[in-house]
Protein chains: 2
Amino acid sequence: MPDAQESAALGPLEGLVGYHLRRASSLFGADFARAVGGMGMRQVLFGILSVVSANPGINQGEAGRALGIKRANMVSLITELVDAGLIDRQTDADDRRAFALSITAKGVKILADCLTRISEHEARLLAEFDATDRKALIGLLRRIEALEL
Amino acid sequence: MPDAQESAALGPLEGLVGYHLRRASSLFGADFARAVGGMGMRQVLFGILSVVSANPGINQGEAGRALGIKRANMVSLITELVDAGLIDRQTDADDRRAFALSITAKGVKILADCLTRISEHEARLLAEFDATDRKALIGLLRRIEALEL
DNA sequence: TATTGTTATACTCTATAACTATA
DNA sequence: TATAGTTATAGAGTATAACAATA
């Protein structure tokens with residue numbers, strides 16, 4: 001049997017929540033990539049697609065704010081999604097500075113497809129986490145997200 | 001009174017653990033930067049310093065493996081720490097391919113200083129999380145880290 | 001033949017500052 | 001004067017492939 005190699009001690013790092021969040025997030029990120037492998041989808045893009053889907057007509061700034069993405073960085077991300085035919089970008093009639101974003105039919109399909117894959121992967125990763133564990137996890141993370149620096 | 005602006009709905013994203021981990025991790029990352037502001041310390045470097053501190057004589061590969069950092073990326077990171085005088089890099093007498101890393105006196109001081117600041121910041125962030133919450137949080141994250149893709 | 005460290009390289013995410021056009 | 005979007009740019013983290021030295 002291949003012995004389960006002991007990893008080196010982490011030192012003071014072991015007690016820091018920030019470190020564990022980083023590692024756990026990174027693991028889920030790798031799993032995301034595996035789940036949607038070869039589809040050209042990334043976490044950020046999926047996030048934007050999801051927000052646009054839930055808020056038809058939203059503009060770049062609002063979408064970015066909901067996701068913690070800076071305006072300047074939204075530009076090329078939105079362009080990627082538009083070029084891929086997943087979202088539609090039209091000048092907002094009520095405010096000609098802004099764009100009204102909406103998800104396309106293709107976007108809906110891709111979003112659903114990715115969501116299925118990612119959900120399956122998360123289900124597999126969290127197979128040994130019962131309903132209580134999952135609720136606790138999401139609950140704790142939401143409380144962290146709501147914090148102000 | 002400044003009204004608490006409602007953020008846009010997240011859509012399907014809301015139910016994904018990976019998304020919440022990403023946001024929570026990012027928030028702690030920003031807090032880390034604030035905690036050690038101006039010291040030139042970063043999460044990755046702090047991690048390496050911590051592991052080297054806990055494992056005197058460890059080599060780059062082992063340290064990287066404990067932290068999920070690729071060998072190729074360890075090179076410049078270790079060089080940064082050596083150049084900053086925080087760790088010492090000497091050819092390992094038992095294996096002349098490898099370097100034996102150890103923390104310097106200055107490294108010990110910086111590590112302790114940073115740890116104090118970061119701990120204070122984490123304590124402030126988690127002020128409304130009681131002992132049970134914290135144990136649950138760290139416990140859940142450790143279980144995630146232990147998962148295999 | 002496997003492993004340690006190295007170099008080169010590329011991609012992604014994020015951050016800031018300065019600009020335009022509209023409000 | 002403030003806001004939406006844009007451009008340019010830079011820093012940081014991470015990924016792969018190919019290589020030399022040593023085991």
Side-chain angles (χ1 to χ4, degrees), chain A residues 2 5 8 18-19 21-23 25-34 36-37 40-48 57-82 87 89-101 149, chain B residues 2 5 8 18-19 21-23 25-34 36-37 40-48 57-82 87 89-101 149:
Chain A
Q5 266 291 52
Y19 168 73
L21 280 172
R22 213 162 99 87
R23 292 303 298 274
S25 172
S26 160
L27 188 138
F28 267 75
D31 188 63
F32 179 100
R34 187 173 295 200
V36 301
M41 184 55 70
R42 279 132 51 204
Q43 284 183 300
V44 198
L45 296 178
F46 180 81
I48 297 173
I58 194 172
N59 67 37
Q60 297 184 190
E62 289 172 57
R65 244 170 273 130
L67 292 163
I69 305 171
K70 297 243 180 296
R71 274 194 313 282
N73 296 324
M74 285 295 285
V75 182
S76 62
L77 294 170
I78 294 293
T79 300
E80 274 192 79
L81 290 168
V82 169
I87 72 173
R89 173 177 51 187
Q90 298 193 15
T91 307
D92 187 325
D94 298 345
D95 182 347
R96 300 200 344 272
R97 293 172 301 183
F99 285 131
L101 305 174
L149 290 192
Chain B
Q5 268 291 54
Y19 168 73
L21 280 171
R22 212 163 98 88
R23 291 304 298 273
S25 172
S26 161
L27 188 138
F28 267 75
D31 188 62
F32 180 100
R34 187 173 295 201
V36 300
M41 184 54 70
R42 281 131 51 203
Q43 284 183 300
V44 199
L45 296 179
F46 180 80
I48 296 173
I58 195 172
N59 67 38
Q60 296 184 189
E62 288 173 57
R65 244 170 273 131
L67 291 163
I69 304 170
K70 297 246 180 295
R71 275 195 311 284
N73 295 324
M74 285 295 286
V75 182
S76 61
L77 294 169
I78 293 293
T79 300
E80 275 193 78
L81 290 168
V82 169
I87 71 173
R89 174 176 49 188
Q90 297 193 16
T91 307
D92 187 325
D94 298 345
D95 181 347
R96 301 199 345 269
R97 293 172 301 183
F99 284 132
L101 305 175
L149 290 191

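In what follows, chains are A, B, ... by sequence order, proteins preceding strands, each numbered from 1. Values in this document were obtained by computation on a predicted structure and should not be read as measured data.
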### Task
Nearest 0.5 Å please: distance from the CG atom of A/L67 over to the CD atom of A/Q43.
12.0 Å
### Query
Are A/Q43 and C/dT12 close enough that a side-chain N or O sits under 4.0 Å from OP1 or OP2?
no
### Query
When rounded to the nearest 0.5 angstrom, what is the spacing between CZ in A/R22 and OG in A/S25?
9.5 Å
### Closest to the A/N59 side chain, choosing from D/dG13, C/dT14, D/dG5
D/dG5
#### Entry: Distance in angstrom units between B/I69 CD1 and D/dT16 C1', rounded
17 Å
### Query
Given atom CG of A/L27 and atom C1' of D/dT14, what is their separation to the nearest angstrom?
15 Å
#### Entry: Rounded distance [0.5 Å steps], OG1 in B/T79 versus CD1 in B/I87
8.5 Å
#### Entry: Nearest-angstrom distance from the residue atom CD of B/E80 to C1' of D/dG11
11 Å
### Task
For each nucleotide in nucleotides 15-23 of chain C, reading 5' to 3', give B when a protein heavy atom comes within less than 4.0 Å of its base, S when such contact involves only the sugar-phosphate, and - otherwise.
BBB---BBS
### Message
Within this structure, what is the CZ-CG distance for the pair B/F32 and A/L21, rounded to the nearest 0.5 Å?
### Response
13.5 Å
## Note on the structure
Looking only at heavy atoms, the pair that brings A/L149 and B/R34 closest together is O-NH1, 3.6 Å
### Message
Using a heavy-atom cut-off of 4.0 Å across all strands, would you classify B/D92 as base, sugar-phosphate, or nothing?
### Response
nothing
### Query
Is the phosphate of C/dT4, meaning OP1 or OP2, less than 4.0 Å from a side-chain N or O of B/R65?
yes
#### Entry: Interatomic distance where CE belongs to B/M74 and P belongs to D/dG13 [whole Å]
13 Å
### Query
Taking side chain as C-beta onward, heavy atoms only, is A/I48 less than 4.5 Å from A/I69?
yes
### Query
Within this structure, what is the CG-to-C1' distance between A/L77 and D/dA4, rounded to whole angstrom?
16 Å
### Query
Heavy atoms, side chains only, cut-off 4.5 Å: are B/N59 and B/D92 in contact?
no
## Note on the structure
From CD1 of B/I48 across to P of C/dG5 the rounded distance in Å is 12 Å
#### Entry: Atom-pair distance (CD on A/Q60; C1' on D/dT6), nearest Å
9 Å
#### Entry: Residue closer to the 5' end of DNA chain D, A/G61 versus A/R22 (nearest nucleotide)
A/G61
### Query
Atom CZ of B/F46 to atom C1' of D/dG13: distance rounded to whole Å?
18 Å
